[in-house]
Protein chains: 2
Amino acid sequence: MTDKPRTGLRERQKEDRRARIIAAARQLFLKAGPENITIEAIAEIAGVSSVTVHNYYGTKSGVLLALVAESDRELLYTMRHDLLGKSRDPGDLLMHFLSIVCTHALKHLDKVIWRQVIAASVNGQDPRFGKLYHDLDRRLVGVLVEEIRRLQASGLWPAESDATQLGWALFNIQNARFIEFISSDHIDQATALRHLRNDIRALMLEKPPLPTGDVPTGGVLPDRCHP
Amino acid sequence: MTDKPRTGLRERQKEDRRARIIAAARQLFLKAGPENITIEAIAEIAGVSSVTVHNYYGTKSGVLLALVAESDRELLYTMRHDLLGKSRDPGDLLMHFLSIVCTHALKHLDKVIWRQVIAASVNGQDPRFGKLYHDLDRRLVGVLVEEIRRLQASGLWPAESDATQLGWALFNIQNARFIEFISSDHIDQATALRHLRNDIRALMLEKPPLPTGDVPTGGVLPDRCHP
DNA sequence: ACAAAAACCTTTAGTCCACAAAAATTTTTA
DNA sequence: TAAAAATTTTTGTGGACTAAAGGTTTTTGT
């Protein structure tokens with residue numbers, strides 16, 4: 001009894017089908033209107049049966065998630081590249097972060113589709129979804145944390161803060177505004193960023209609270225703007 | 001031609017059906033397992049056709065949303081009552097807030113159902129959902145803002161902060177942890193609260209930064225705990 | 001190399017949600 | 001009380017999803 005062949009014909013066929021299904025899905029989700037986006041249509045283009053699509057990806061949202069997962073690499077690369085050392089404080093950092101996320105999101109899919117993605121990520125019928133999404137979150141937070149550490153190393157932010165904790169907190173704040181951005185057709189990127197800036201000002205994340213012996217200048221007046 | 005009767009037989013019948021549908025839905029969502037929860041089943045108990053359920057509430061999630069909306073009053077009442085003047089700072093306030101929200105949520109529906117609710121609120125096939133949910137949010141934030149003003153009036157928090165902005169920012173931070181709580185079966189209320197406390201510490205919302213002439217004591221060490 | 005075994009895709013059939021249009025019923029109105 | 005209006009039910013269609021049966025191809029053991 002030999003080992004299971006990791007690269008047998010069967011494995012390659014599966015990988016092929018996976019790829020074909022994703023390619024077909026991308027073609028439909030991007031080009032075609034929402035009318036033609038049926039499991040059936042995807043299956044036909046991919047040259048498999050609709051049941052196979054289900055077996056591979058669970059649900060229609062599952063196919064979508066896989067599509068999103070593919071663009072993760074790109075987002076992560078962009079994030080690492082564009083976020084590097086450009087910020088003076090966590091507030092600044094977060095503004096850049098949200099800006100990149102929004103731009104990236106709309107570059108690949110439109111809001112209507114993103115709503116389904118987010119809904120699927122919380123609804124989690126298939127546990128794979130939640131996990132996939134959470135993994136991306138973790139890596140994104142990792143980038144934030146690195147930058148926070150950089151700020152701390154430069155003396156721009158108090159070293160007592162736990163960078164990891166702050167990274168998650170900041171990420172959540174930003175994510176709330178991203179979801180708001182996605183949830184409504186009326187909210188454009190500039191508005192989302194304005195809302196985030198208000199959050200930052202209200203939480204006093206803009207001017208670094210100096211580690212000791214000094215007092216942050218109060219009275220940063222937030223814009224009059226909120227839902 | 002007389003005025004449209006605001007209380008004609010027709011109106012009363014509609015109200016009756018609405019009530020019967022909601023009652024039937026509650027019965028099924030609470031008692032029965034998820035298997036029996038079909039539009040058909042709800043319609044049968046309510047004594048109407050399944051199409052009527054659709055006409056009244058749009059989708060299955062719509063019925064669910066209506067159910068949630070009903071418990072809003074209670075949550076708001078509890079919130080106003082239990083939050084009143086018990087907090088020493090915004091961090092404290094937010095911990096109480098999340099605690100009340102989590103308790104209230106599980107008292108009425110289980111996590112699986114809540115996931116659908118949240119998914120529907122962002123997915124927004126029916127625009128009513130988003131609006132309903134957002135209205136509740138606004139009123140909840142209102143409660144937060146009142147309490148923040150109270151803190152400011154008592155000199156426990158700098159008066160320069162814009163209470164409304166801070167209210168929304170705090171609400172979003174808390175909401176992220178609530179969604180985390182709902183999204184996973186493994187996270188209990190205590191864990192969610194612990195995560196929120198870490199957020200609060202990282203953001204330095206615990207000790208009020210004194211308005212002027214004093215320095216916040218640094219070095220509040222956050223727990224070692226995060227996803 | 002070959003036959004048995006295992007893997008796995010497709011077909012088939014069925015449930016349910018969602019939606020639309022026609023048909024039937026009941027309240028309103030004149 | 002009969003016509004008109006409103007609203008429900010009936011009927012029918014499409015698509016997501018699931019389960020089971022059937023068939024084909026790769027693997028495996030000799």
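Here is how names work: the chains are called A, B, and so on, in the same order as the sequence lines, proteins then strands, and each is numbered from 1. Heavy-atom basis, side chains included; hydrogens, waters and symmetry copies ignored.
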Next item on the list: In whole angstrom, give the distance that lies between atom CZ of R20(B) and atom C1' of dT8(D).
Entry: 12 Å
Check: Across the strands shown, which category fits Y57(B) at heavy-atom distances under 4.0 angstrom: base, sugar-phosphate, nothing?
Finding: nothing
Check: What pairs with D185(B) under side chain to side chain donor-acceptor pair (under 3.5 Å), at least two apart in sequence or on another chain?
Finding: R115(B)
Item checked: Summary of protein contacts for nucleotides 13-25 of chain C, nucleotide by nucleotide, where a base hit scores B, a sugar-phosphate-only hit scores S (4.0 Å, heavy atoms) -> ----SBSB-----
Notebook entry, point to check: Could you give the CG-to-P distance, from N55(A) to dA16(D), as a whole number of Å?
Noted result: 15 Å
Check: In whole angstrom, what separates E15(A)'s CD from dC8(C)'s P?
Finding: 13 Å
Margin query: If you compare every side-chain N and O of Q13(B) against the phosphate oxygens of dT26(C) (OP1, OP2), does one of them come in below 4.0 Å?
Written below: no
Check: Does the cation-pi check pass for R138(A) over F171(A), that is, NZ or CZ under 6.0 Å from the six-membered ring centre and within 45° of its axis?
Finding: no
Next item on the list: Using atom NZ of K14(A) as one end and atom P of dT25(D) as the other, report the distance to the nearest whole Å.
Entry: 18 Å
Item checked: Residues which pass side chain to side chain donor-acceptor pair (under 3.5 Å) with K107(A), listed by chain and number, not counting sequence neighbours -> E74(A)
Checklist line | side-chain N/O Y56(B) vs dT8(D) OP1/OP2, d < 4.0 Å | finding: yes
Margin query: Rounded to whole Å, please give me the gap between CD in E11(A) and C1' in dT26(D).
Written below: 11 Å
Next item on the list: Tell me, please, which residues at least two apart from R26(A) pass salt bridge (Lys or Arg N to Asp or Glu O under 4.0 Å).
Entry: E70(A)
Check: Across all strands, who's sitting opposite dT30(D) as a Watson-Crick or G-U wobble pair, both distances under 3.5 Å?
Finding: dA1(C)
Checklist line | Sequence-distant partners of H54(B), side chain to side chain donor-acceptor pair (under 3.5 Å), two or more places apart | finding: none
Note to self: Just to verify, what does K111(B) make a side chain to side chain donor-acceptor pair (under 3.5 Å) with, not counting sequence neighbours?
What the structure shows: none
